[in-house]
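Each remark here refers to the structure printed beneath this line.
The shown structure was predicted, so the numbers you read here are calculated from the model rather than taken from an experiment.
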Amino acid sequence: MTEPAARDSDRTRAQILRAAFELFVERGFDAVSIREIAAASGVTKSLIHHHFGGKEGLWDAVKDMAFGPYYEQQRSELAEAEEPGADLLIRGVTNYFRFLRDNPKVARLFAWAHLEGDTSCSDMDADLVGLGSKRVAQAQKSGALRDDVNPTHVVTMFISLFTQWFEARDHHRDWPGIGSDEEFLDDFLKIFMEGLLPRTPSS
């Protein structure tokens with residue numbers, strides 16, 4: 001493929017991804033057709049099949065586009081950590097919270113995936129959770145965190161809560177006394193990290 005043709009191909013692929021992302025965010029995977037994606041992106045259905053193999057392949061590519069940059073950054077930080085401890089966990093918690101806060105459409109895409117029973121993002125999820133859990137276990141072994149809780153549950157707790165916070169924010173934003181995103185994060189860290197401190201005999 002010549003360089004101009006390659007650039008055209010890349011532009012077409014990006015155009016399809018952007019259109020599909022917006023439609024999937026708005027209506028989920030099941031309710032969107034290839035015909036609608038083709039119309040929104042200004043290409044033929046055959047071009048979508050050429051680039052992605054079909055709607056399922058496009059759905060996977062959209063999720064990779066949405067989650068991939070965060071995955072790469074967070075995986076690098078976890079992999080390069082030399083002395084895992086409370087500070088690394090706090091950064092990981094904060095990074096995930098702010099990723100969802102700064103990318104509300106990604107949070108909505110996650111909501112659709114959860115509602116529709118999709119599990120095809122599990123490779124990236126499992127990799128990050130596995131590495132994060134390993135770092136928590138290392139901090140437990142060093143005495144930096146309490147060692148009587150399942151390290152995978154530690155990671156699952158903040159992922160689940162933050163995902164729910166942003167997926168349901170329109171529902172709870174008017175609850176009496178509800179704080180801002182940053183206030184919620186601050187309160188969560190107080191409770192979460194206090195609960196992970198090593199236990200004393202009297203605790």
Side-chain angles (χ1 to χ4, degrees), residues 16-33 36-37 40 55-75 77-78 88-133 135-136 149-196:
I16 295 167
L17 279 170
R18 286 193 300 270
F21 175 77
E22 295 296 336
L23 287 168
F24 288 147
V25 164
E26 182 62 31
R27 292 159 50 200
F29 174 79
D30 289 340
V32 176
S33 69
E36 290 172 310
I37 297 168
K55 194 168 81 161
E56 290 79 7
L58 179 53
W59 172 243
D60 288 341
V62 164
K63 288 182 293 182
D64 287 347
M65 177 187 73
F67 190 61
Y70 167 80
Y71 164 78
E72 295 294 343
Q73 179 274 326
Q74 191 61 28
R75 194 187 193 292
E77 184 167 340
L78 289 169
L88 180 65
L89 180 58
I90 290 170
R91 287 200 305 275
V93 168
T94 303
N95 287 345
Y96 186 66
F97 187 89
R98 290 181 176 158
F99 166 69
L100 293 179
R101 180 200 65 189
D102 296 342
N103 296 276
K105 289 183 178 180
V106 175
R108 186 172 173 87
L109 191 73
F110 287 172
W112 279 115
H114 299 157
L115 283 170
E116 296 178 338
D118 174 65
T119 60
S120 59
C121 215
S122 59
D123 287 347
M124 285 191 288
D125 287 350
D127 188 34
L128 279 187
V129 171
L131 187 52
S133 300
R135 295 310 189 213
V136 171
V149 292
N150 183 327
T152 301
H153 291 171
V154 172
V155 177
T156 302
M157 282 176 193
F158 75 80
I159 290 174
S160 299
L161 182 60
F162 291 170
T163 302
Q164 175 62 19
W165 171 263
F166 286 104
E167 287 179 359
R169 67 188 313 174
D170 288 342
H171 175 71
H172 60 58
R173 72 168 69 249
D174 294 323
W175 286 357
I178 200 75
S180 67
D181 289 341
E182 287 299 312
E183 289 168 335
F184 180 80
L185 174 62
D186 186 54
D187 284 342
F188 174 81
L189 285 170
K190 290 174 187 174
I191 297 167
F192 185 67
M193 297 310 298
E194 174 72 21
L196 286 171

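Under the 4.5 Å side-chain criterion, counting only non-hydrogen atoms from C-beta, Val155 is not in contact with Leu89. For the pair Glu72 and Pro69, the minimum side-chain heavy-atom distance is 4.5 Å or more. The shortest side-chain heavy-atom distance between Asp118 and Lys63 falls under the 4.5 Å cut-off.
The closest donor-acceptor contact from the side chain of Glu36 to the backbone of Ser33 lies under 3.5 Å. A donor-acceptor pair under 3.5 Å is formed between the side chain of Arg135 and the backbone N or O of Leu78. Proximity of a side-chain donor or acceptor of Asn150 to a complementary backbone N or O of Thr152 within less than 3.5 Å is detected. Side chain of Lys55 to backbone of Val32: a donor-acceptor contact under 3.5 angstrom is found.
The six-membered or imidazole ring of Phe188 lies away from that of Phe97, with a centre-to-centre distance of 6.0 Å or more.
Relative orientation of the Trp165 and Phe184 rings is parallel, given thresholds of 30° and 60° on the angle between their planes. Ring orientation note: the planes of Tyr71 and Phe67 are tilted relative to one another, at an angle of 30° to 60°. Relative orientation of the Phe99 and Phe110 rings is tilted, given thresholds of 30° and 60° on the angle between their planes.
Not a single ring pair (Phe, Tyr, Trp, His ring centres under 6.0 Å) links His153 to another residue, sequence neighbours left out.
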